Number of protein chains: 2
Amino acid sequence: MAEIEAQFNFLFEPELLAEINEVAEVGTFEADTIIMEIGQRIDALPLIISGSIKVMSEDEKGNELLLYYLETGDTCAMTMQCCTGTKRSKIRALTEEVTTLAMVPAQKLHEWMIKYQSWRSFILENYDHRLSEMLEAIDNLAFHNMEERLYKYLRDKAMVTHSAEIKMTHYQIANDLNSSRVVISRLLKKLDQDGKVKHHRNLIEVCEFIK
Amino acid sequence: MAEIEAQFNFLFEPELLAEINEVAEVGTFEADTIIMEIGQRIDALPLIISGSIKVMSEDEKGNELLLYYLETGDTCAMTMQCCTGTKRSKIRALTEEVTTLAMVPAQKLHEWMIKYQSWRSFILENYDHRLSEMLEAIDNLAFHNMEERLYKYLRDKAMVTHSAEIKMTHYQIANDLNSSRVVISRLLKKLDQDGKVKHHRNLIEVCEFIK
DNA sequence: AAGTCGTTGTAACCTAGGTTACTGTTCAAT
DNA sequence: ATTGAACAGTAACCTAGGTTACAACGACTT
């Protein structure tokens, strides 16, 4: 498939690309589609060809928290967990926008670890990357107040969508940050007054990214 | 070395154990020794033979937070990051008690990925385990109040030390939880009244674990 | 035009937990 | 026995941020 090659040909050697093309099932999903649900079992590893995916955690009471985004060239480290054992997903993954995935059967994941240097590097680097992002999430929670977390959230969101304009309601933002709508409205007003964002109905602009 | 075999012979095949014995440098460290510091570069992977290690994060202002413990049979996933690239450590690792480590040169880490199935499993499972613990840390921070976090901390501490008695000051506990001494004293009093712990000077007993 | 629904602004209030300050206790050193 | 340092108890206070309530606004359907 042309898309796989376009995104992964700098990462993988030709033989591996050929194998991926052969066994991977490619699928395209609408925005806001749940790719993986908490408690779900899965036997394939998703490679993200285009689009982006939001990875969230949830507690018993249904409170949610955004962990990180996956983008082109990433894979879901949390899914690797499912593939290596018989464990169930601890996270929810949903598409942020229209997203194309290549699903690689779990068995191949292990075969390729032996065969291809580039695959080993890919898997290890992905784990590293995810650990770093988890650590970043922890530092955010532990060491920063809600205003700082909100601003960082808006910046990150602008970066994955490649746009200074964020089309979200205050309620949706509150949910990603495990906060409440009123608090987000309050802090957005403050960020607006401080000249960091401009906000309108259903739309927030991050000044830093306005061209 | 006899200790390596005793701890890892169920995990690794004999050939790999022999190789580890050959190249690993074994060292024993006092309690409260810093094994790895934030910003430090490292070119060897530590396998924990006995004892336990506390892994912490820190912000610019010096605030600290306990991430997780490493115990016998674990390795430091964050160190693997250093070994795979030229990255620097984002965490601090220090011994909780007298701890013996086998240091494996980074280069071997990659050779063994090709040669030994058991090594591949070991590395991947370790990454999985660490990701799970990071997720647990995030859930604790995001979804639980300080009283719950404190109680969980005490239980975890009792488990790694294999003792219902915890010899720590309130100040030390506060530091691990990124809180303050007064708050910990307040909450310990409450946990004591609720019959969950008994506390004395420099000593806390977790009722649940008292034989 | 009127009604409805999702969204936002804002005020009033509450609580967890951080901060400061002061007291008393234990224990080691002299 | 006296001093000093580390540790713990407690009160008084403050603030971030969560909660409830209500009004206003825009966008839509009828």
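Below, chain A is the first sequence line, B the second, and so on; all start at residue 1. These numbers come from a predicted model, not from an experiment.
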J.: Take the protein atom CG of L203(A) and the nucleotide atom P of dG6(C), then report the distance between them rounded to whole Å.
T.: 21 Å
J.: Give the rounded distance in Å between these two atoms: CE of M146(A) and C1' of dA16(D).
T.: 10 Å
J.: Check whether any side-chain nitrogen or oxygen of N202(B) sits under 4.0 Å from OP1 or OP2 of dC27(C), and answer yes or no.
T.: no
J.: Roughly how many Å is it from CG in N145(A) to P in dG18(D), rounded to a whole number?
T.: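 My rounded result for the distance is 11 Å.
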J.: Give the rounded distance in Å between these two atoms: CG of L150(B) and P of dA16(C).
T.: 15 Å
J.: Taking atom P of dG9(C) as reference, at what distance in whole Å does atom OH of Y171(A) sit?
T.: 17 Å
J.: Of F12(A), Y127(A), F10(A), which is the lone residue that meets ring-ring contact (aromatic ring centres under 6.0 Å, His included) with F122(A)?
T.: F12(A)
J.: With no hydrogens and no angle check, do the side chains of E30(A) and T95(A) hold a donor and an acceptor under 3.5 Å apart?
T.: no
J.: Counting only non-hydrogen atoms, which of residues 174-195 of chain B are less than 4.0 Å from DNA chain D?
T.: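 Correct list: R181(B), V182(B), R186(B), K189(B).
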J.: Under 4.0 Å: is that the gap between some side-chain N or O of H170(B) and OP1 or OP2 of dG9(D)?
T.: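 Yes, H170(B) has a side-chain N/O under 4.0 Å of OP1/OP2 on dG9(D).
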J.: Give a yes or no on this: more than 12 heavy atoms of other residues, nucleotides or ligands lie within 6.0 Å of atom CD of E60(A).
T.: yes
J.: Please check if any side-chain donor atom of T28(B) sits under 3.5 Å from a side-chain acceptor atom of T100(B), or the reverse.
T.: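 Indeed, the side chains of T28(B) and T100(B) share at least one donor-acceptor pair under 3.5 Å.
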J.: Can you tell if the side chain of I173(A) reaches within under 4.5 Å of the side chain of L154(A), non-hydrogen atoms only?
T.: yes
J.: Between C1' on dT8(C) and NZ on K198(A), what's the gap in Å once rounded to a whole number?
T.: 20 Å
J.: What integer distance in Å separates H200(A):NE2 from dT8(C):P?
T.: 12 Å
J.: Could you state the atom-to-atom distance from NE2 of H199(A) to C1' of dT7(C) in whole Å?
T.: 11 Å
J.: Under the criterion side chain to side chain contact (heavy atoms under 4.5 Å, CB included), which of I35(B), T33(B), D74(B) is the partner of I53(B)?
T.: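 Output: one option passes, namely I35(B).
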